[in-house]
Amino acid sequence: MSIELVLPDGTVTCHKEGVTGLAIAGSIGPRLADAAIAVSVDEELMDLNRPIYSGGQFAVITQGSESGRDILRHSAAHVMAQAVLNLFEGATFAIGPAITDGFYYDFDLDRPFTPEDLEEIEREMDRIIAEDQPFEREEMSREVGLELFRDHPYKLEIIRSVDDTEVDSGDIISVYRNHEFVDLCRGPHLPSTGRLKAYKLTRTAGAYWRGDEKRPQLQRIYGTAWESRKALRTHLHRIEEAARRDHRKLGRELDLFSFPEDLGPGLVVWHPKGGMLRRLVEDYSRRVHQDFGFDFVFSPHLAKAGLWQTSGHLDFYAENMYPALDMDQDEEYRVKPMNCPFHVLIYRSDARSYRDLPIRLSELGSVYRYERSGVVHGLLRARGFTQDDSHTFCTRQQLPNELQLHLDFVLQLLRDFGFKDFRSELATRPEEKWVGEPELWELAEQSLAEALETAGIPLRIAAGEGAFYGPKIDVHVEDAIGRGWQMSTIQVDFSLPERFGLEYVTSEDTRERPVMIHAAKFGSVERFLGVLIEHYAGAMPIWLSPVQATIVPVADRHVEYALEIADQLRGEGLRVETTVGPGKLGEKIRRAITQKVPAILVVGDQDVENGTVGLRLRSQKGERRGVPREEAVSDLLSAAQPPH
RNA sequence: GCCGGAGUAGCUCAGGGGUAGAGCAGCUCACUCGUAAUGAGCAGGCCAGGGGUUCGAAUCCCCUCUCCGGCUCCA
């Protein structure tokens, strides 16, 4: 019997049944065979040496590809587990997948791993790799598997939970064996351990079995593995680069903000430079909200517990809320974790007609959420933060247009701050618990999907992952070093209008419920600034720089001229500082550069005489001498224009 | 909250049972200088907080707090 395999370029090839992926790769080209890690037939990944019995779409998975790396990392995880079981008496192993940029494996043993343990494990891994042990796939019945792993309770649990449909023939599980080591595994794997060229164990951590804190805590070891030493080095450099950009470090170095211990975890104070940066971002937000037809409202930080009862937050959000405050007798108050109930009350403060809709209420609203002590992380995860929040109330007919408008808004905003690559996630109606009408859900989901398609934003549909009260989209950006961040969120809500009994009068003089759209464009102002600082590595675009230009006089006799130029720039609305006082020229310039000031103007004898400046811009290499003063001013002014 | 690591001057870090050190930053003085650190001097610490062991604790032990890396959750 022969089988037909279709190559990615459309070529149809014929092979004997039972041919291996490696043989096919070899028949295409020897270099391909060298780079091959696995193959796929109709999307099903298979080991290189596994016989193929059915035809279909055929592809070779090579080592530099993402799925090739996944396989490599998964094999690295196996080798690490093998090393750990060899070295640690009584250790048992749980689960060890490939993850973004690396892999981990969870173990249960009577003590945590130490940094020295990692070195020893690496040595044992090196030995296993040097032996070039082949990975051999073996299939067996569930019963045989249960017997094989009788000493490893986590494996038993996995075997019992394996879905019948996962392996074609129902009751069959697969394991991979290399020398003395055997692990339950779907595969595929590298042909042999010797193919692991570059890996590194990076850190240890505690992790709950199946991510459930009620279950045993295991000891996790993280590692990373790459197809070459060079790729590994590049990755380690990227990690260093990320550390260099850490907004907490830059926040201190650039004197933007701090987290004083006396305040408490997750609470930030903004220093003058950071305050300026934040104000610029917020001013931008207000401007664009106005452009898009939003109205501005304000609300307090507290409300009676009853409001949170009506809104439902005390039912499904209580664990993130701060405990009740006793203010007046018998009356409890709660600090707000969200702004929506306040905006709902504003809507409800008057009888609304269809002529009033849509009503778009916006607020830079500070909220407080109780985050567990282990999760706070600088500006990215704080306990007190400010949302550029809005709540739009519209008719169901207006919903598609409104969603389009919100998405346009979000994309303009993210683009204006220098983000170029977006993707988005659409969370649709959950299977079980949900409110509203199915047609409305569908309309909302469709409008969101269409809006994203029109905008050309890659979309992942998270089927059934929506909240019970409505579908939502999250917009993620990719930063300058390729990390993804979730920023904006647009959320449709069929529940709150119901809970608060919101209505409007239609043109037929009947009553209808409005639909509500929650939208946070930055997500949180703090978090957005944190991401922005990391994206730009602290070197903000000139329109956002707290100090846009530093004027440096060469000697004391040039101070007067320097101040004159500073005044002129300030008069044009630029943010300028002048370095008078002691210190050499080089030192002052160095300071301005390390403080990431985008423009440095040096003035000396020749400049005073000719009415010029020396201009050093962050965006250009080196400096320009003798630039006419007016030219420098107008250059700076045009460079400092905000995008909107 | 849980697991690991760590808290020494404003910052970055050394020291590790015998009464605290460096570099940078700060202050003073001198130098007045043309594009990434001039030199000298001065000042600065309840060694996170509390308890214990000891003749003696920054150092060893216990508890608490905070930070870092994860788990979980999310903006």
Side-chain angles (χ1 to χ4, degrees), chain A residues 99 104 106 111-115 117-118 202-222 239 243 246 248-249 252-253 255 258-266 317 319-320 337-338 367 369-383 385-389 474-476 485-489 491 518-528 530-531 550 552-559 581-595 600-608 612-616 621-626:
Chain A
I99 54 173
Y104 67 81
D106 286 345
R111 65 173 182 86
F113 292 105
T114 65
D117 290 338
L118 288 193
T202 47
R203 63 174 76 91
T204 60
Y208 298 101
W209 170 234
R210 305 233 144 149
D212 181 347
E213 59 186 276
K214 292 190 189 64
R215 309 182 79 165
Q217 185 156 33
L218 307 173
Q219 302 300 326
R220 176 171 296 180
I221 301 178
Y222 283 93
I239 291 176
D246 190 315
R248 294 164 299 186
K249 183 171 133 75
R252 192 168 46 238
E253 287 171 2
D255 199 15
S258 61
F259 297 89
E261 275 203 23
D262 296 312
L263 271 186
Y317 206 73
E319 63 181 31
N320 284 298
M338 294 190 189
V367 296
R369 299 185 186 173
Y370 179 74
E371 298 288 356
R372 295 194 297 173
S373 61
V375 306
V376 294
H377 180 90
L379 295 177
L380 302 184
R381 195 73 187 278
R383 282 181 169 169
F385 60 94
T386 302
Q387 295 180 304
D388 63 333
D389 210 357
D474 294 331
V475 179
H476 303 246
W485 301 96
Q486 187 195 314
M487 305 294 240
S488 318
T489 169
Q491 167 95 52
H518 309 250
K521 296 91 211 167
F522 292 136
S524 108
V525 175
E526 284 81 357
R527 183 183 145 84
F528 186 81
V531 172
T550 299
V552 185
V554 171
D556 286 350
R557 63 180 177 280
H558 311 122
V559 165
K584 297 238 190 259
L585 181 63
E587 186 189 350
K588 290 176 172 180
I589 286 176
R590 178 169 204 278
R591 183 166 300 207
I593 290 172
T594 51
Q595 287 295 303
I600 301 167
L601 283 67
V602 178
V603 293
D605 287 332
Q606 296 156 33
D607 296 301
V608 174
T612 59
V613 299
L615 192 57
R616 172 190 271 270
K621 225 171 123 67
E623 85 270 5
R624 277 153 63 207
R625 295 276 287 272

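This structure is a prediction, so every number in the text was calculated from the model and none was measured. So that the names make sense, note that chain A is the first sequence line, chain B the second, and so on, each numbered from 1.
Scanning for side-chain contact (heavy atoms from CB on, under 4.5 Å) contacts around Arg381(A) gives Glu371(A), Val375(A), His377(A), with sequence neighbours left out. Residues meeting the salt bridge (charged side-chain N to carboxylate O under 4.0 Å, His left out) test with Lys584(A), sequence neighbours left out: none. With sequence neighbours excluded, no residue forms a salt bridge (charged side-chain N to carboxylate O under 4.0 Å, His left out) with Asp388(A). Residues that satisfy the ring pair (Phe, Tyr, Trp, His ring centres under 6.0 Å) test with Tyr104(A), not counting sequence neighbours, are Tyr222(A). In this structure, Tyr317(A) has no ring pair (Phe, Tyr, Trp, His ring centres under 6.0 Å) partners at least two apart in sequence or on a different chain. Remark: Trp209(A) engages Tyr154(A) in a ring pair (Phe, Tyr, Trp, His ring centres under 6.0 Å) (not counting sequence neighbours). In terms of the salt bridge (charged side-chain N to carboxylate O under 4.0 Å, His left out) criterion, residue partners of Arg220(A) (sequence neighbours excluded) are, by chain and number, Asp106(A). In this structure, the salt bridge (charged side-chain N to carboxylate O under 4.0 Å, His left out) partners of Arg372(A), at least two apart in sequence or on a different chain, are Glu213(A).
Rounded to whole Å, atom C1' of C67(B) lies 14 Å from atom CG of Asp262(A). Between the CD atom of Glu253(A) and the C1' atom of C24(B) there is a distance of 12 Å, rounded to whole Å. Distance CG (Asp106(A)) to P (G4(B)): 15 Å, rounded to an integer number of Å. Spacing between atom CG of Asp117(A) and atom P of G5(B) amounts to 11 Å, rounded to whole angstrom units.
For the C1' atoms, the distance linking A25(B) with A9(B) amounts to 11 Å, nearest Å. The same atom, C1', is picked in G41(B) and in C68(B); the two are 38 Å apart, to the nearest Å. Comparing A14(B) with G50(B), their C1' atoms sit 27 Å apart, to the nearest whole Å. When the P atom is used for both A48(B) and C11(B), the distance is 13 Å, rounded to whole Å.
A sub-4.0 Å separation between OP1 or OP2 of G34(B) and a side-chain N or O of Arg557(A) is absent. The shortest distance between the side-chain N/O atoms of Tyr104(A) and the OP1/OP2 oxygens of C71(B) is not below 4.0 Å. Contact annotation: Tyr222(A) reaches the phosphate of C71(B) (side-chain N/O to OP1 or OP2, under 4.0 Å).
Summarising the base pairing, G1(B) is matched to C71(B) through a Watson-Crick or G-U wobble pair whose two defining distances lie under 3.5 Å. Using the Watson-Crick or G-U wobble rule with both distances under 3.5 Å, C33(B) pairs with nothing in any strand shown. Searching all strands for a Watson-Crick or G-U wobble partner of G21(B) with both distances below 3.5 Å returns C13(B). When both pairing distances are held under 3.5 Å, A6(B) makes a Watson-Crick or G-U pair with U66(B).
Between Gly374(A) and Val554(A), the residue anchored nearer the 5' end of RNA chain B, judged by the nucleotide with its closest heavy atom, is Gly374(A).
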What protein N or O atoms touch nucleotides 35-40 of chain B N or O atoms at under 3.5 angstrom, if any, and at what distances?
| residue | atom | partner | partner atom | Å |
| --- | --- | --- | --- | --- |
| U35(B) | O2' | Arg616(A) | NH2 | 2.5 |
| U35(B) | O2' | Glu623(A) | OE1 | 3.3 |
| U35(B) | O2 | Arg616(A) | NE | 2.8 |
| A37(B) | N7 | Arg590(A) | NE | 3.1 |
| A37(B) | N7 | Arg590(A) | NH2 | 3.3 |
| A37(B) | N6 | Arg590(A) | NH2 | 2.7 |
| A37(B) | N1 | Arg590(A) | NH1 | 3.4 |
| U38(B) | OP1 | Glu587(A) | OE1 | 3.0 |

Can you check nucleotides 42-49 of chain B for protein contacts, nitrogen or oxygen pairs under 3.5 Å, and list what you find?
none

Between the protein and nucleotides 73-75 of chain B, list every N/O to N/O distance that falls short of 3.5 Å.
| residue | atom | partner | partner atom | Å |
| --- | --- | --- | --- | --- |
| C73(B) | O2 | Arg381(A) | NH1 | 2.7 |
| C73(B) | O2 | Arg381(A) | NH2 | 2.3 |
| C73(B) | N3 | Arg381(A) | NH1 | 3.2 |
| A75(B) | O3' | Met487(A) | O | 3.2 |
| A75(B) | O2' | Arg527(A) | NE | 3.0 |
| A75(B) | N6 | Glu371(A) | OE2 | 2.7 |
| A75(B) | N6 | Ala382(A) | O | 2.8 |
| A75(B) | N1 | Ala382(A) | N | 3.3 |
| A75(B) | N1 | Ala382(A) | O | 3.3 |

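Pro265(A) and Val376(A) make their closest contact through CB-CG2, 4.3 Å (heavy atoms, listed as atom of the first residue, atom of the second, distance).
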Show me, pair by pair, the donor-acceptor contacts under 3.5 angstrom made by side chains of residues 588-595 of chain A, not counting sequence neighbours?
| residue | atom | partner | partner atom | Å |
| --- | --- | --- | --- | --- |
| Lys588(A) | NZ | Thr579(A) | O | 3.2 |
| Lys588(A) | NZ | Gly581(A) | O | 3.0 |
| Thr594(A) | OG1 | Arg590(A) | O | 3.0 |
| Thr594(A) | OG1 | Arg591(A) | O | 3.0 |
| Gln595(A) | NE2 | Glu253(A) | O | 3.1 |

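Here Gln606(A) lies in heavy-atom contact (under 4.0 Å) with a base.
A salt bridge links Arg557(A) and Asp605(A); the closest N-O separation between the charged side-chain nitrogens and carboxylate oxygens is under 4.0 Å.
Evaluation of atom-type donor-acceptor distances gives no pair under 3.5 Å for the side chain of Tyr208(A) against the base of G70(B).
Checked against C11(B), U32(B), G1(B), the side chain of Arg252(A) finds its nearest nucleotide in C11(B).
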